[in-house]
Amino acid sequence: MTAPEPEPEPVPTAIDTSRPHPARVYDWWLGGKDNYPVDEQLARRILAVDGTVLRGARANRRFMQRAVRTVAEAGTRQFLDIGTGIPTEPNLHQVAQGVAPESRVVYADNDPIVLRHAEALLRGTDEGSTAYVHADVRDVDTLLARAAETLDFEEPVSLSLVALTHYLDDDPDGDDVYGLLRGYVDALAPGSHLILSQVTPDLSPEAIARAAENFRRGGTPFHPRALPEFSRFFDGLELLGPGVIPVSGWRPEPVDVAIQAEGIVPVYGGVARKV
């Protein structure tokens, strides 16, 4: 279960402001300022055809916070967040270290602007640690090796890919998202957790189809998944209650109940434990 030796950290590539990036589009939906006109343009186009996106973005962030709090309260003290996106508050390390200040957190993303903001903004507790890895989710060995500079993979780790898997396809000749997930889960010690969320066409098929087409026209692959396809990510793991469910309904707090009352959130979420 020991992660491979890390390769030298690459020099981040220049920020490409000519094409939209999912993390920056998502930042615009959340009301952030760390995006460019090309990101705003795509975000507005998708919003025009899918009225659920702002509600879904808020509900998804709150799901992450509740899920992380749940596994931290269960005793997990190590967290690997892949596809972290532009920092927003409270972020994952704030939630985890709010439960246990000694928690160690590693963020991983492949966007240089995320790296720069993470370095500037993601400050953990004195008792714990917060680190950032510039790596692509598709490069499992390199990402795990760099994360292992902070995390001990012989002990349980909470692995989260929140609103990331819908940007990866399931073609064995392409991303092979199921194979990627297996690679990460196989590296985890028993007692580890997997936190996932992703867009589904099940609850709002026409709007999601239009949103997906806009993403693809903007140069970003987008693969909404139905319930059986999403549930497959948790094969071999022990799902925590209430299982796979729209994110606003996963162990909701009062504010999440209010979001539910606003309308459909076509995003599934789930948390599972490796036994």
Restricting to salt bridge (Lys or Arg N to Asp or Glu O under 4.0 Å), what partner residues turn up for Arg58, sequence neighbours left out?
Glu262
Let me know which of Tyr184, Tyr178, Tyr268 forms a ring pair (Phe, Tyr, Trp, His ring centres under 6.0 Å) with Phe233.
Tyr178
Does Glu73, at its CD atom, have more than 12 non-hydrogen atoms belonging to other residues, nucleotides or ligands within less than 6.0 Å?
yes
Show your reasoning for whether side chain to side chain contact (heavy atoms under 4.5 Å, CB included) applies to Gln97 and Thr130.
CA-CA 10 Å; Gln97 293 175 351; Thr130 304; 3.4 Å; yes
What heavy-atom pair brings Ala163 and Asn60 nearest, and what distance separates the two atoms?
CB-ND2, 3.5 Å
Quick one: do the His21 and Tyr36 side chains pair a donor with an acceptor below 3.5 Å?
no
Basic-acidic side-chain contact under 4.0 Å: Arg45, Glu213:
no
With distance as the sole criterion, is a donor-acceptor pair present between the side chains of Gln198 and Thr165 under 3.5 Å?
yes
Can you list the steps and then say if Leu196 with Val162 is a side chain to side chain contact (heavy atoms under 4.5 Å, CB included)?
CA-CA 5 Å; Leu196 294 179; Val162 175; over 6 Å; no
Is Asp34 salt-bridged to Arg24, going by a charged N under 4.0 Å from an acidic O?
no
Any ring pair (Phe, Tyr, Trp, His ring centres under 6.0 Å) involving residues 41-66? Give me the pairs, sequence neighbours left out, ordered by first then second residue.
Phe63-Trp250
For residues 236-246, which side-chain N or O atoms pair as donor and acceptor with protein atoms under 3.5 Å away, sequence neighbours left out?
none

Who passes ring pair (Phe, Tyr, Trp, His ring centres under 6.0 Å) against Tyr26, sequence neighbours left out?
none
Could you go step by step and tell me if Arg69 and Glu253 meet the salt bridge (charged side-chain N to carboxylate O under 4.0 Å, His left out) rule?
CA-CA 12 Å; Arg69 189 178 302 115; Glu253 297 173 353; 3.1 Å; yes
Residues in side chain to side chain donor-acceptor pair (under 3.5 Å) with Asp256, at least two apart?
Arg62, Arg66
Using the ring of each side chain (for Trp, its six-membered ring), is Phe215 parallel, tilted or perpendicular to Phe222, with breaks at 30° and 60°?
parallel
For a side chain to side chain contact (heavy atoms under 4.5 Å, CB included) check, start with the C-alpha distance between Leu80 and Leu143, then their side-chain angles and the critical distance, and finish with the verdict.
CA-CA 10 Å; Leu80 173 57; Leu143 195 154; 4.2 Å; yes
Assess whether side chain to side chain donor-acceptor pair (under 3.5 Å) is satisfied between Asp109 and Thr84, documenting all intermediate values.
CA-CA 6 Å; Asp109 205 289; Thr84 182; 5.8 Å; no
Side-chain heavy atoms under 4.5 Å apart, restricted to Ile/Leu/Val/Met/Phe/Trp/Tyr: what other residues fall into the cluster of Ile264, or is it alone?
Leu203
If I compare all heavy atoms of Leu42 with all of Asn214, which pair ends up nearest, and what's the gap?
CD1-O, 3.4 Å
Apply side chain to side chain contact (heavy atoms under 4.5 Å, CB included) to Ser158 and Ile195, showing your working.
CA-CA 7 Å; Ser158 171; Ile195 300 173; 3.5 Å; yes
